[in-house]
Amino acid sequence: MSLPKRVKIFEVGPRDGLQNETALVDTDTKVALVEKLADAGIQTIESGSFVSPKWVPQMAGSEAVFGTINRKAGVTYSALTPNMRGLERAISAEVSEVAVFIAATEDFSQKNTNCTIAEGIERSAKLTEAALAEGLQVRGYISVAAGCPYQGEVAATDLAPLAKALIEMGCYEVSLGDSIGVATPGHIKNIVDAVATEVPVDKIAMHLHDTYGQALANIYAALEMGITVIDSSVAGLGGCPYAPGATGNVATENVVYMLNGLGIDHGIDLDKLIATGDFITQKLGRDNGSGVARAMLAKHSSAS
Ligand code: HMG
Ligand code: MG
């Protein structure tokens, strides 16, 4: 099977990554992270969320982040928005685009957004209509698409109507979230096949957490199926506050290194990206979750 010539990286570290940190990260650090990612060549950066601060305190300062970033031409600074209140905040913060999120299981929908799947779709549709009227593009996520921490297995065929609903309400793309990082490549192929019965492949993105170490293999499987948009998080930051045990997203450095090896274009400077991951992990006082970054940092420090 042929691989795509170009892949778009949708960086989610400043949102999906930092939302799960126990220590509160100050605005200057968040802003520096976003600016460094843009400087490394990343063109789409989910830079925060406008959710309830009671639910996710780490994202409470997103207004200040969006208000302070020195925005680079050509870069999309997006935000996650759960409801109309979130959209209003996002519009005031002059975000470039917003994302809505629904879940593949009732239990996760309740834990993450305190509503049923049907209510989540209704809420997202209302939000999408209002966002489009404001001239904002809207992206849609489906969480726990490959397995749920509360309900277990998720049937691939359950995803197709959810993806269809997101596209029909006006989302330009659906990102399939393996929130707990349990999928394997065969599973990914089934999921993409099932969703592709309702949504064109060029409107499907993959959002893979790396809990079981399968994310790169899963991305390769997705690339073989024609997927060209990959969500990832610098230094493998993150997890999901409502998915116990879930570790971070696949590390952006690992994806970029693999794409380099495959000769697939992405427009990102790997050295600058590694420096960015090193910056944020040092600020957070945590290990770098990217094997590529750890190896290249060790190589540089032994050479100097
Ligand atoms: P609720 O408690 O049902 O809502 O939460 P509510 O309307 O009763 O509001 C509760 C309080 O929050 C009220 O304040 C509201 O004003 C306030 P109070 O009156 O008690 O002082 N509130 C807000 N404040 C600021 N901004 C808002 C907002 N909305 C309400 N937008 C709600 C419902 C959806 C708000 C809540 O469940 C929520 O915020 N959930 C988001 C949880 C979240 O961010 N999860 C992580 C992101 S999803 C994810 O990581 C998965 C993904 O990465 C894909 C994958 O990995 O699969 C996308
Ligand atoms: Mg996620």
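We count ligands from 1, going down the list as the structure has it; atoms in each ligand are counted the same way. Note: hydrogens, waters and symmetry copies are ignored here, and every other heavy atom, side chains too, is used. Sequential numbering from 1 along the given sequence is applied to the chain's residues.
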Quiz item: Does Pro53 reach ligand 1, in the sense of a heavy atom lying below 4.0 Å from it?
Solution: yes

Exercise. Could you name the option among Glu119, Met59, Arg85 that has the heavy atom nearest to atom 28 (C) of ligand 1?
Key: Arg85

Self-check item: Distance filter under 4.0 Å to Gly86 heavy atoms, resulting ligand 1 atoms
Solution: 31 (N)

Quiz item: At a 4.0 Å threshold, what atoms of ligand 1 neighbour a non-hydrogen atom of Asn114?
Solution: 1 (P), 2 (O), 3 (O)

Quiz item: What atom name does the N, O or S atom of His207 nearest to the Mg ion (ligand 2) carry?
Solution: NE2

Quiz item: Can you find a non-hydrogen atom of Arg123 under 4.0 Å from ligand 1?
Solution: yes

Quiz item: Mind checking whether Ile180 and Ile102 sit in one hydrophobic cluster, side chains of I, L, V, M, F, W, Y counted as touching below 4.5 Å?
Solution: no

Practice problem: Please determine if Arg139 and Glu173 form a salt bridge, counting it only when a charged side-chain N lies under 4.0 Å from a carboxylate O. | Solution: yes

Quiz prompt | ligand 1-proximal atoms of Leu80, by part, heavy-atom distance under 4.0 Å | solution = side chain

Self-check item: Parallel, tilted or perpendicular, as decided by the 30° and 60° cut-offs, for the rings of Phe10 and Tyr141
Solution: perpendicular

Quiz item: Less than 4.0 Å between a side-chain N and a carboxylate O, is that true for Lys5 and Asp265?
Solution: no

Self-check item: ligand 1 contact on Asn83 by region, counting heavy-atom pairs under 4.0 Å
Solution: side chain

Practice problem: Would you indicate whether Lys126, at its atom NZ, is surrounded by more than 12 heavy atoms from other residues, nucleotides or ligands within a distance under 6.0 Å? | Solution: no

Quiz item: Relative to the heavy atoms of Thr113, which atoms of ligand 1 are at a distance of less than 4.0 Å?
Solution: 33 (C), 34 (C), 37 (O)

Practice problem: Answer yes or no: are there more than 12 heavy-atom neighbours, outside Tyr257 itself, under 6.0 Å from its atom OH? | Solution: no

Exercise. For ligand 1, note which part of Pro82 has a heavy atom under 4.0 Å away: side chain, backbone, both or neither.
Key: side chain

Exercise. For ligand 1, indicate whether the residue Asp16 contacts it via side chain, backbone, both or neither (heavy-atom separation under 4.0 Å).
Key: side chain

Practice problem: Within a distance under 4.0 Å of any heavy atom of Ser179, pick out the atoms of ligand 1 and give their elements. | Solution: 55 (C), 56 (O), 57 (O)

Exercise. Measure Gln110 to ligand 1 on non-hydrogen atoms and call it side chain, backbone, both or neither using the 4.0 Å cut-off.
Key: neither

Quiz prompt | Short N-O contact, Arg286 and Glu21, less than 4.0 angstrom | solution = yes

Quiz item: Counting heavy atoms only, which of Ser52, Gly181, Gly17 comes nearest to atom 39 (O) of ligand 1?
Solution: Ser52

Practice problem: Can you spot which of Lys111, Gln110, Glu106 makes a side-chain contact (heavy atoms from CB on, under 4.5 Å) with Tyr150? | Solution: Lys111

Quiz item: Quick one: does Arg123's side chain get under 4.5 Å of Cys115's, heavy atoms only?
Solution: yes

Quiz item: Mind checking whether Val56 has an N or O less than 3.5 Å away from an N or O of ligand 1?
Solution: no

Quiz prompt | Contact (N/O only, under 3.5 Å) between Ser49 and ligand 1 | solution = no

Quiz item: Looking at the Mg ion (ligand 2), is one of the N, O or S atoms of Asp16 less than 2.8 Å from it?
Solution: yes

Exercise. Could you list which atoms of ligand 1 come closer than 4.0 Å to a heavy atom of Gly177?
Key: 57 (O)

Exercise. To the nearest 0.5 Å, tell me how far Leu176 CG sits from Ile227 CD1.
Key: 7.0 Å

Quiz prompt | Those atoms of ligand 1 less than 4.0 Å from some heavy atom in Phe50 | solution = 26 (N), 27 (C), 31 (N)

Practice problem: Look up atom CG in Asp231 and atom CE in Met206, then write down how far apart they are to the nearest 0.5 Å. | Solution: 9.0 Å

Exercise. Nearest heavy atom to atom 53 (O) of ligand 1 wins, so pick from Arg15, Arg89, His209.
Key: Arg15

Quiz item: ligand 1 versus Lys54, non-hydrogen atoms closer than 4.0 Å: side chain, backbone, both, neither?
Solution: side chain

Exercise. Give the intermediate values and the outcome of ring pair (Phe, Tyr, Trp, His ring centres under 6.0 Å) for residues Phe108 and Phe101.
Key: CA-CA 11 Å; Phe108 195 84; Phe101 50 112; 9.3 Å; no

